[in-house]
Structure formats: C-alpha cells, structure tokens
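Here is how names work: the chains are called A, B, and so on, in the same order as the sequence lines, proteins then strands, and each is numbered from 1.
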Amino acid sequence: MAMIHIHNLKKAYGEQFALTIENLQIAEGSITGIVGNNGAGKTTLFRLILDLIEPTSGEVFIGNEPVRSNDAWKNFTGSYLDEGFLIDFLKPEEFFYFTGRLFGMDEKAIDQRLSMYDRFMAGEVLVQDKYIRDMSSGNRQKTGIVSAMMVEPRLLILDEPFNYLDPSSQIWIKRLIKEDNEARKTTMLISSHNLTHLVEICHRIILLERGKVIKDLSLPADDPAEVERYFSMQAE
Amino acid sequence: MPKREIVLNLLKHSWISFRRAHYFQRSLGVKTLMGFTALIFLSYLYAAGLMLPALLQNYFPELLPHEAFFSLWLYLFFAELTVRLVFQKLPRQMVQAYLTLPVKRRTLAGYILTRSWFSIYNVYLYALLLPFYYRTLYLHVSPAAFWMALLGTFLLSSLNHAITIGMRTWPARLSRTITLALFLFGFVILGGILYMAEFMEFSRQMGQAVISGQPMVFIILLSLIIVLQLLAFRGLFASFYEWSGAPSRPGAAGRSSIARFLAAVPIYGLYWELEWQLITRNKRAVGGLKQWPWIIIALPLFFYFDPFGDAERYMYLMVMAAGGYGFAHLQYVFSWESRFFDLIAARKIDMEVFIRSKYYFYLTMGAAQALPVLLLVGVLRPDLFWPLFGIFLYAVGPVFAYLFLTGVNSSTRINPNKKAGFNPEGTSGTLFLVIFVSMFSVLILQGIVYILPFSSETGLALLTGLIGLVFILTHRWWIAAVSKKFVFRKYHNLKKYRE
C-alpha cells in the first residue's frame, strides 16, 4: 500500500520546469532515498509533498488524502528540511517541547522519547543552556532531525540529514533511521548527496535529473553502481 | 599601514557599507517615501524651532524667550540623553571583519569611538535649535551669544553622547548597574519637579553663563567629555571579548515564570509562550518593550504640563499611549515568524487558532501598556481618562484588525534578532501605506468628533469606544477572514519568507 502517491505533479518557475513527475508511489514502511545533483529537484519535491509550495499542476496524496485540501497528514508526518524548520530563539529542550506538544505529547513523554537520542546528541544539545541560534551547525542539524523523529511519525521526511554531522553522528543517524523503520514501519523519504549512506539504509533509490525521475532502483535487487556510474559520467 | 590611514580606511568602508545597504537598493517609490518621512521629521523640528519663541512667551510672559528656554535647557538635554540611552548604539559590529587582520586592538577601539560620533543623534537637535537661537539670540541679543549658545549646545549634546557611548563600552554587568543608577538619577530629576523652581533657575543661570562666554562652563563640560571618552576607550579594552563577537554567554535567559504561566493556558498557551519568547529574546522584537517605561512616564507628564490641550488635539499621542506597542509590533505581524514559517506550515497548527492566539496576546499586552498610562492620566488629567480609554478600545479593535488584515499582504522576511537601527528588513511600500492609512483614519475621526454635538472629550470617548467595542466583539469573524486570506496567500508568503 502506498503512503505517498504523486500524480502528474509539475512545478514550474516561469518557463522552467523544476519538477515533472507523472506517477510515483512511495510504499508504506519503506525507506526511499532521493539522489541527484544540485538543482535536480529533490528539495522542491519535498516541499511539494509537505504542501509548502504550490504545484503548477498535479497532486500529492498522503494516505489517500490530497495534501492541499486536507491536512490530516500533519498528524503523523515528521520533517526536517533546513533551518527554516527550527525556531532559533528557543533552547533545544523548549523546541522539542513545543514540537511534541503540537503532536499531543506531554513533557514526560517527550523527555522519555528524547532519552532515546542521547547518544546521537552526544551531550552537546540538551542542558547546554544555549539558544539554537548559538549552537554549531552540526548541533542545529541534530536538533532538527531529533524534533522530526521524536514525535514517532508514520512518515518521516529528511533533506540532507548527513550534512554538518561528524562521522560518528552520521553512523548514529543511520542506525536510528534503520531501527525506527524496523520497529515501527515508518515510511521514510531521505535525500542525500552521499550515495554510500543511502545504499546502506534504503530499500529504494530514486535518481532525479532536472526535475525528472531517471532511475528508480529497488535494493538489493538492483545494482546501486548504476547510480554511481551516472554521477561519474556527469563529472566527466 | 599607519594608524591614521587605517582609521580613515575603516571610516571609508563604513560609508560604503551605508551607501550600499539594502536601504538604498529599494524601489524609487519606497526611497522617495523614506526621504519624505525624514524630511517631514526635520521640518517638524525646524517649524517647532521657529514657533518656540512665541510659545515660550505665552507660558513665561515675565521672561524673554531665550531666558525661558534656558530655564528648561537641562530638562531638554536630560530628555536628549534619555533618547540616546534607549536608541543610540555603539557601532562595534562594524569591526568584526577586521579582527583577524593585522590591525591593533587599540586602533580598532579608537575607530569605534571615532565612528560613534558620526551619528544622527548628534545632528537632529540642531534642526530645532538653530532657528530658535537665530530668532532669539542672533537677532535680539548678539551674534556672539548665538555662537556661544551653539557651542554650549554642542558640548552638552557631546556630553550626552560621551555618557551613552561610555556606558555601551563598559562590560555588560557594569553597564547595567550604571544604567540603573542613571535611571534613578532620572527619577531624581523627575522628582525634581518638586524643586522645579530651583532647578529651572540653575538651568537658566547656566544658559546665561554659556551665552556670556564664561570659560569655566566650557572647560568643565569639555573635561567631562574627555574623561568619559578615555573611560570609554578603557572600557572597550575591558569588554573586548564582548564586542569582538565571542559566542554569547551560556545560560542566557532561562524559561521565565511568565513563559511557564502562559504555557499553562489551554489552547492558546503553547503559542503565547512562543510569542513571549520571541519578543523577549530577540533584539529587534524586544525594542518595543524597552520603550514602555518612557511612554508610560512621558505621555501622562506631557498631558499634565500642557493643561490647555484638549483630547482631540492629543489624538495621535493618545493612540501612541494606548496602543503604541501593538501598533509597532503588529506592523510586522507575520514577518516575525518568517524565518521558521515553513515549520508552522508543515505542522499541525490551525491557522485561525494561531492568529486568534496572537490577537489575544497583543490585546493583553496592549492592556498592560495602557493600564498604567490610564491610571496616571486619571490622576494627572482626569478629563482625558475616558477619551484615552476609548482610544485604547479603538487601538485594540479596528487598528489591530487592520494590521492583521494588511499583515497578510506583507511577505517581507525579518530577523527578529537583528537590531532595528538602519535595518531595512520589513520596510516595504505596503508598510508605508499601512502607516499612512492608520494616521489618516485618526484625521477622519478628528473630523467626525468636530461635527458631533458633544464636547471633544465625550465625543472622542463615545466614537472611538463604540467602534473599538464593535471590532473587539466581532473579532472571531474578522480573524476567520484574516485566516482565510492567509491560507489563500500561503504559498506566495512562504516563498518570500524563504528568500
């Protein structure tokens, strides 16, 4: 069963089409990686799914409901695309409480959930008595990722989650993503420039070029080297 | 590079950064409006300077205009100091880029102090005083008295500059202590209303000493300025890591008891806490709160000292006293959240509840500002109490509704933590139009009050109170309209917020 269904979706800026997807379904409980060079349309796709930009035509459905006319999907969707998803004058704890309360969690439940991310946050995010704006890029990234994951979403959307993270944290986030997917069957949509990371955790990899799906691989059945070859050719 | 050349280069860079600021990159229409606003402000001061002799003659018929003026001279400079303490900043952020270059810390400190003198706060007063001194001293006393008065003004204004800049250069904790001491000093002077006659006499004698060119006055003032500048220079060294952009101190403001109290309120508490944190933790957003004490103290005193002014004439000031905070803040109603509106749009937040929570919050804040003003006015000018109350209802009714409605059209991005001074963020043609229409609506009200068969006090209280009540009672209806409009413009606004 599909968690996300994209139908005839187009987004144009002036004459230029940033995204054109005729039909795409993201299966419930799957981890899907989106790859592509800069300007391929990864973030545009995420913003369209989250109803943050208006499609030129077409529709996105989450759980059979169109995202534009019904916001029931917000009850079970966690997302972190960039720092526009952070309230930078709050401390991380305050931000987690704010987000958690929007999902109907009380402070005790939030604390309990946060304890699961202790190792990932490595003692540098909580109890630092710092505003988010005063934290390093890496710790801001961790705050955004944790705020999206801690609410136990059925659908998780992360844009470039490995950016700014140190190698240990990158390993940790991969582990957390895999564990969460296995334990709760969370549907995940993750973009990254790091193909190795995505191959490790994803069931499916979609390659975008100039807003179009040019490869759609199921792992481990298909060979991810195809995507690597594509990037090598682009660099030549 | 020699020290002098470095300072000159830095000053040149400062000028270039001013000329190339976003301020001057706006459309011709906005630039014209901005220039026009500045011109109006200066013309007001100039016109006030021209009219001042007649006004003083009216209030102090036994004194010559310049004698009457000198009786109030120290009050004027105390007021000027107050304005500086609230608004004038130390231009220390301009040296951030030079800290890692081979420029001595001493040179940078010298530059910061030099640069601080190029400030509008050292200029605007002359638009008022030049015409006044010319008409009273140059024409009726002597050209020498005119020049001496200008020199005295320059020194007193410079002393205020040196005090303000001195305080900004000392380490934060010490600076706060001194600010508190100065506030107490201010209250002593305000309390000095009790000894007003003696104080005015002292001020008049000082003015006379200045225009008669007694050197001791100038020497004392000049010495004080030099001492304060030297202290400022030392202070800059002591607080080097504060102004060199070291990371902000850990443990800045915790979750206050007010925030906790707000958070406990059902439905709206979550958003109220966020709103409170937004306005208390961001430099630009907190600016409005810092002006409260001055509005609360200054406006009732102003009404008190001008007992012949009627309610109709004071309408603009009363709008400021009753709803000034809400007006200042709600001009940018949705732009304050522009940096994280993607989050708000992607989470389960009912836009109507969100906007309603904002309205209730600023209604409460408006009441918190207006209440002490109303109490003071009730004691000092009881005849203005009901008009002011009516205008409060008017401010939180139709004015707020109008700001919310037009706020949806404004999609400018604001960094609430970036100080407001010379910060063009949020400036737009829409904003100027909003302010213009708000001001114009007051003119219309004045016109209606004029034709009503009541006294101006009763007419104003009834008219503004009734209009205000209608909008307050129908707030759910117009907030639903604002919310619909917001959802309609959502994609456009979110796109602009991201840019």
Parallel, tilted or perpendicular: ring planes of B:W336 versus B:Y332, cut at 30 and 60 degrees: perpendicular
A:H193/A:F162 aromatic ring centres below 6.0 Å: no
Does the distance from a Lys or Arg side-chain N to an Asp or Glu carboxylate O, for B:K490 and A:D51, drop under 4.0 Å? yes
Identified side chain to side chain donor-acceptor pair (under 3.5 Å) partner of A:E83 from the options A:Q141, A:R140, A:R133: A:R140
A:R184 side chain near A:P153 side chain, heavy-atom distance below 4.5 Å: yes
Contacting region of A:F103 [heavy-atom separation from chain B under 4.5 Å]: side chain
Under 4.5 Å from any heavy atom of chain B, what part of A:E93 do you find: side chain, backbone, both or neither? neither
Taking heavy atoms only and a threshold strictly under 4.5 Å, list by residue number the residues of residues 60-75 of chain A that touch chain B; give 'none' if the list is empty. A:R68, A:D71, A:W73, A:K74, A:N75
Heavy-atom contact with chain A under 4.5 Å, split by part of B:L270: both
What part of A:F95 gets within 4.5 angstrom of chain B, counting heavy atoms only: side chain, backbone, both, or neither? side chain
Which answer fits A:L52, side chain, backbone, both or neither, if we ask what part of it has an atom under 4.5 Å from a heavy atom of chain B? both
Which region of A:L90, side chain (C-beta onward) or backbone (N, CA, C, O), has a non-hydrogen atom less than 4.5 Å from a non-hydrogen atom of chain B, or is it both or neither? both
For B:K485, salt bridge (Lys or Arg N to Asp or Glu O under 4.0 Å) partners two or more places apart: none
Contacting moiety of A:T77, where chain B heavy atoms sit under 4.5 Å: backbone
Between B:W276 and B:Y271, is the ring centre distance below 6.0 Å? no
Looking only at A:D82, A:D88, A:L81, A:V151, most heavy-atom pairs under 4.5 Å shared with chain B are made by A:D88
Assert top hit (heavy-atom pairs under 4.5 Å, partner chain B, pool A:L86, A:L50, A:L102, A:I87) equals A:I87
Could you pull out all residues at least two apart from A:R119 that satisfy salt bridge (Lys or Arg N to Asp or Glu O under 4.0 Å)? none
Looking at B:F341 versus B:F486, is the centre-to-centre ring distance below 6.0 Å? yes
For residues 5-23 of chain A, dump all side-chain donor-acceptor pairs below 3.5 Å to protein atoms at least two apart in sequence or in another chain.
from	atom 1	to	atom 2	distance (Å)
A:H5	NE2	A:N23	OD1	3.1
A:K11	NZ	A:E54	O	2.7

